[in-house]
Amino acid sequence: MVIDDQTCMVEFALRTMSFYAHESCGWCIPCREGTDWLKKTLTRFHAGFGTRSDIDNIQYLAENMLGRTFCPLGDAAAMPTIAFVKKFRKEFEDHLNGMPCPFAREGVPQLTVV
Amino acid sequence: MPDVTFTVDGKKLTAPAGTLLIDACRKAGIEIPAFCYYPGLSLQAACRMCVVRQEKVPKLQTACTTTVAEGQVFITESPEIAQARKATIELLLGNHPLDCPVCDAGGECELQDMTFKYGAGESQFVEVKHHRDEQQWSPAVFYDRPRCILCYRCIRMCGEGMDVWALGIHNRAADSVIVPNVLGTERGGQQLDCEQCGMCIDVCPVGALTSGSYRYKTRPWEMNHVSTVCTHCSDGCKVTLGVRQANDGSEIVRADNRDKSGINGDFLCAKGRFGFDFVESPDRLTQPLVRNARGRLEPATWEHAIRVATGKLKEIRDTRGGNAIGVVGSNRTTNEENYLLQKFARTVIGTNNIDHERTTDYASFARALAGHTGKTASLRDIAQACAVLLVGGSPTDEHPLLAWLLRTNVRLNRARLYIANSKTIKLARQAKATLDLRRGGYDKLITSLDSGRTEFSKAIFAEESLIVIFGEEFRGPAVENLIAWGLKRDNVRFAYLGDHSNSRGAADMGLFPDLLPGYIPVTAPGAFAEYPNLPAAPGNSLPQMLDAAAAGDLGALLVVGANPVSHAKLDPSILQHTFLIVQDLFLTETAALADVVLPAASLYEKSGTVTNTFGDIQIVRKAADRAGVKPDFEILVRLAGGMGIDVSTLVPFGKRGTTGDLGQSRGAQSGEADRHSVWLEANGLEPKLSPFDPLAALDEIERLVPGYTLDRVNLFAGNDVHTEPASPGPESGFVPVSALTAPELVVPAHDTLFTSGALGRYSRALGQLEQHQANELAKSELAKSAAD
Amino acid sequence: MSPKKAKSEPATVFSPELAARFDALVKKYPVSRSALIPMLLYAQDEVGYLSNAVVAEIARRIEITELEVRNVATYYSMLRFKAAGKYNIQVCTNISCMLRGAYEVYERFREELGVGSDGVTADGLFSLEEVECIGACCWAPAIQVNYEFHDELKPDLVPGIIGAYRQRIEDRAQDPFQNKEKDA
Ligand code: SF4
Ligand code: SF4
Ligand code: SF4
Ligand code: SF4
Ligand code: FES
Ligand code: FES
């Protein structure tokens with residue numbers, strides 16, 4: 001997939017995680033609770049209510065899902081998340097301090113998660 | 001499976017190949033945490049708490065699904081594993097409410113324990129937690145979704161264990177939720193239409209499923225935990241009662257068997273788990289009642305009541321003879337009480353007019369097996385049997401533990417269950433083959449078994465060993481025929497089903513007009529010849545006593561824990577010329593007619609032993625206490641004392657020589673207490689110091705009653721000890737008498753899951769459950785007729 | 001407590017064709033409960049949603065409990081327990097579609113229809129749903145209306161799509177032979 005530099009990676013991480021949180025079957029604890037927690041945190045974070053410790057916590061949660069779940073869906077949710085935080089930490093930090101999403105464009109609704 | 005050797009944390013362990021690693025570790029004392037694993041239920045691998053490191057395997061493995069093989073190497077504790085477990089708990093706690101201070105599970109919650117152990121004490125979780133209101137699914141079962149960790153133990157227990165399948169899981173991911181089988185409507189929430197056993201609550205590792213009778217009442221550390229035996233059906237589940245101080249004694253707040261000791265493991269049915277509240281019933285008698293000059297029952301002191309009762313008993317005995325008095329015993333009192341009651345009748349009153357409300361024909365069973373040993377099956381035998389033939393009855397309702405053990409044996413050990421019945425019973429789902437006795441009835445059983453033509457009979461004959469379980473459908477000669485059929489083959493053992501917690505004990509202890517304890521005929525009393533003044537002729541059975549009462553020939557009737565007026569559907573007026581003494585918990589139909597009513601303790605308020613219908617003896621320990629009542633044992637001793645008897649002739653107690661004959665003589669002249677103490681010494685036992693100590697009677701039972709030679713170490717440790725009724729055999733004087741063991745004397749109780757004779761009527765919890773299930777039934781009938 | 005067999009065959013909630021189809025379907029699998037998911041889908045297409053009566057009849061047909069039917073049915077988000085609109089508009093907002101403006105499209109549907117996610121318009125004609133990938137990523141953003149796809153969407157195209165469906169209903173109302181619609 002090709003993504004241009006106008007795409008918010010936090011939003012991207014959030015949308016990815018809401019997908020996994022929806023698809024998780026709920027069988028095992030790490031996947032069921034991990035995807036739900038990450039989705040909630042990323043939603044809040046993207047809306048500008050994040051804290052610096054959230055960034056580490058996102059990585060911590062994802063790393064603790066990896067390899068611990070019943071099926072590979074948990075791994076699939078954890079791996080990109082770890083990569084997003086590691087590779088795009090700067091974009092996460094740009095959301096801190098109540099700042100609105102730097103990529104927000106006129107007329108584009110903020111991602112709401114159902 | 002051959003044994004294999006593998007290494008866990010540097011220790012070499014050995015276990016049969018294919019054993020689950022978690023089981024092998026637990027056996028070796030290596031604790032592996034687990035939420036979803038539950039022994040005996042299918043595997044889930046859902047909670048990921050049991051992760052361990054296996055050599056040469058890239059990911060952590062779940063110990064609950066890993067089977068051991070030769071040469072494997074495991075590590076169960078390391079920083080990596082501790083972190084994995086800690087993280088799992090952190091994730092769980094994310095959505096978990098901070099309920100511990102009010103949660104029922106607090107103090108015995110597996111999540112609390114693990115949080116403590118793995119130190120997931122701080123939470124990074126700042127999001128909004130999922131919330132859902134607590135739901136009540138039945139009078140017994142409440143569900144609090146936020147506390148649920150989705151281990152699926154409850155679903156599996158209900159489905160696999162109970163074969164009810166009333167619980168399910170809806171939705172998915174974080175919205176997953178445990179649901180009961182009846183859909184909510186605008187008029188009410190979701191409901192459970194099930195057997196209401198509470199097993200789901202029992203296995204829930206957290207406080208998500210809570211019990212209607214226990215919730216928010218107390219905390220585990222505020223209770224005393226007393227292990228005793230259930231007082232309801234005749235299967236004899238071991239039950240741990242949680243007891244707490246109360247204003248008028250101590251009250252039972254919970255019943256379970258979480259330590260899994262006893263033949264029932266963790267199983268209890270609705271009656272055992274919730275039906276203990278009859279002891280708290282406001283209708284409980286707590287004061288003796290004596291009928292006054294105006295013909296009303298009025299409260300009296302124990303001294304007065306005993307004086308009135310014994311005065312009259314003595315007067316009638318002395319003027320009209322002992323046979324003008326009758327005695328009716330109970331199916332729920334202890335062996336010691338039953339033994340004492342018959343001894344009281346025979347030696348103090350001087351009559352063989354003693355009987356009980358027979359729910360099955362144990363006397364014929366004993367007679368049919370006389371002289372054969374090793375032919376009765378204990379519950380443990382049944383739990384492990386390769387093949388069982390179940391004839392008649394409906395164990396799911398009448399013998400819930402038996403049904404549980406049969407189901408479990410089929411499920412886990414692939415036992416073969418054969419069912420011959422005139423109805424379709426629920427256990428047929430587990431049966432390998434069924435024989436429909438709708439036509440022909442039970443008389444035709446042996447013929448069709450012997451025919452060798454049907455698949456059913458062929459399969460039975462192919463079995464190398466067999467346990468035959470049958471019930472009141474077989475009485476008198478039918479019992480003998482069935483047993484004779486089995487005795488012709490090697491390796492057939494029997495179990496005979498009766499009702500109520502100690503009906504077998506009542507029979508074993510000789511509550512018969514013609515049989516002494518151990519089914520010894522009164523006409524050939526053997527060792528019982530030492531009873532002073534033992535009347536030689538058989539007495540009257542219960543119906544005969546009632547006939548005598550109607551004819552005005554029964555001067556007095558002592559009824560202990562029985563209700564012949566309701567049981568035999570009597571016209572109350574026939575007792576108007578009989579002086580009636582009743583010992584009971586409640587003012588039953590019979591007690592209401594009595595001249596003296598003596599308030600008795602329930603099985604949960606006294607100690608002793610009981611024998612289940614399979615002949616397994618267990619120890620009963622006093623758990624609760626109720627001011628004003630006395631155990632039947634003590635009441636009987638007081639009645640004997642009131643009649644001027646030296647109670648040491650009735651209950652052997654006291655130090656050697658103090659009440660006896662100072663040891664000058666032995667044999668027929670020596671006093672019972674002294675004889676007893678000689679026996680005690682020979683058996684390395686202590687003398688009993690109080691006449692109210694039922695263990696003194698147990699000593700005598702062991703000394704005199706054939707078959708009751710007990711393994712005391714096991715018995716007192718709380719284990720079940722098997723006895724056989726027929727050990728003496730004809731050569732030791734077991735001669736069949738007994739026109740009196742007539743089939744029509746047997747009136748089975750046919751209890752359901754929620755009834756239990758008088759006890760059930762006074763249990764609010766059971767009443768509510770019965771009502772709930774009746775409503776559910778009515779609703780589903782309604783829905784069905786609407787759909788048609 | 002247990003799946004009870006009906007004494008006589010009770011009336012079915014399905015059309016004779018679907019009932020016959022189910023009769024055949026159940027026999028097709030070694031274990032009849034394998035037919036559960038296809039049955040749920042066909043039943044929803046015909047009845048519109050999984051009513052209590054639908055659940056009860058499916059349970060009866062494959063001899064499992066209603067609880068088990070619901071265990072499965074509640075798992076899938078495409079199975080409904082409430083009626084949707086005549087035209088159920090499913091807007092994909094997954095990654096590819098999102099990157100190409102799915103949320104703008106979705107937002108426009110909300111405005112035009114005046115309903116939120118999972119909402120049904122007052123006239124019962126339309127319902128709106130946000131869904132995961134519908135397999136049309138190459139032509140993102142895409143939506144699915146009942147079984148019809150619309151792709152390469154822009155917010156401005158939304159009123160036209162809605163209008164076309166409204167038109168279709170009006171046409172049908174005037175054509176007595178077309179009254180019975182087959183969208184499937
Ligand atoms: S279930 Fe356990 S951890 Fe949860 S609130 Fe109850 S006691 Fe606390
Ligand atoms: S109470 Fe017993 S029968 Fe009822 S849902 Fe729980 S486990 Fe199943
Ligand atoms: S209710 Fe209890 S037993 Fe059932 S899934 Fe939840 S935590 Fe496990
Ligand atoms: S099965 Fe019988 S003994 Fe066991 S709990 Fe139930 S009533 Fe009591
Ligand atoms: S106990 Fe092994 S995963 Fe739950
Ligand atoms: S992401 Fe929308 S169709 Fe695949």
Side-chain angles (χ1 to χ4, degrees), chain A residues 1-28 31-32 35-36 38-39 42-43 45-48 70-71 73-74 76-81 83-84 87-88 91 100-114, chain C residues 37 70-80 82 84 88-120 127-143 153-158:
Chain A
M1 200 181 291
V2 186
I3 301 163
D4 68 14
D5 59 3
Q6 291 309 296
T7 302
C8 169
M9 291 314 288
V10 176
E11 184 178 14
F12 197 88
L14 166 57
R15 189 58 189 85
T16 309
M17 193 47 68
S18 25
F19 169 73
Y20 285 112
H22 178 259
E23 296 312 320
S24 169
C25 78
W27 184 254
C28 70
C31 173
R32 177 183 73 234
T35 52
D36 179 59
L38 284 168
K39 177 178 120 178
L42 284 164
T43 308
F45 196 94
H46 184 244
F70 184 86
C71 83
L73 190 124
M79 272 182 304
T81 308
F84 292 143
K87 304 235 162 72
F88 299 96
E91 289 194 20
C101 175
F103 298 91
R105 277 161 288 150
E106 197 58 40
V108 180
Q110 284 284 306
L111 202 167
T112 50
V113 177
V114 292
Chain C
I37 291 183
R70 285 179 200 280
N71 285 348
V72 173
T74 54
Y75 183 87
Y76 294 102
S77 46
M78 77 255 198
L79 294 174
R80 295 184 292 270
K82 282 200 297 264
N88 186 33
I89 301 170
Q90 300 179 305
V91 183
C92 170
T93 60
N94 210 314
I95 297 288
S96 308
C97 292
M98 173 189 96
L99 292 173
R100 296 191 32 97
Y103 278 97
E104 289 92 320
V105 173
Y106 178 67
E107 199 58 24
R108 188 63 186 265
F109 271 111
R110 277 168 55 133
E111 277 163 26
E112 294 291 325
L113 296 173
V115 294
S117 199
D118 293 335
V120 186
S127 51
L128 182 64
E129 238 183 304
E130 190 184 338
V131 296
E132 300 296 353
C133 180
I134 53 176
C137 318
C138 299
W139 306 279
I143 66 166
L153 289 181
K154 291 196 173 51
D156 291 349
L157 298 175
V158 167

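The chains referred to below are lettered A, B, ... by the order of the sequence lines, with proteins before strands, and numbering in each begins at 1. Just so it is clear, the structure is predicted and the values come from calculations on it, not from any experiment.
The contact between S77(C) and chain A is made entirely by side chain atoms (from C-beta outward), counting heavy-atom distances below 4.5 Å. Looking at V105(C), neither its backbone nor its side chain comes within 4.5 Å of chain A, counting heavy atoms on both sides. Contacts between T7(A) and chain C at a heavy-atom distance below 4.5 Å involve the side chain alone, from C-beta outward.
In R100(C), the CZ atom is not crowded: 12 or fewer heavy atoms of neighbouring residues, nucleotides or ligands sit closer than 6.0 Å.
A heavy-atom distance below 4.5 Å is not found between the side chains of L153(C) and V158(C).
Residues passing the salt bridge (charged side-chain N to carboxylate O under 4.0 Å, His left out) test with D156(C) are R108(C), sequence neighbours excluded.
Side-chain atoms of E91(A) come within 3.5 Å of backbone N or O of M9(A) as a donor-acceptor pair.
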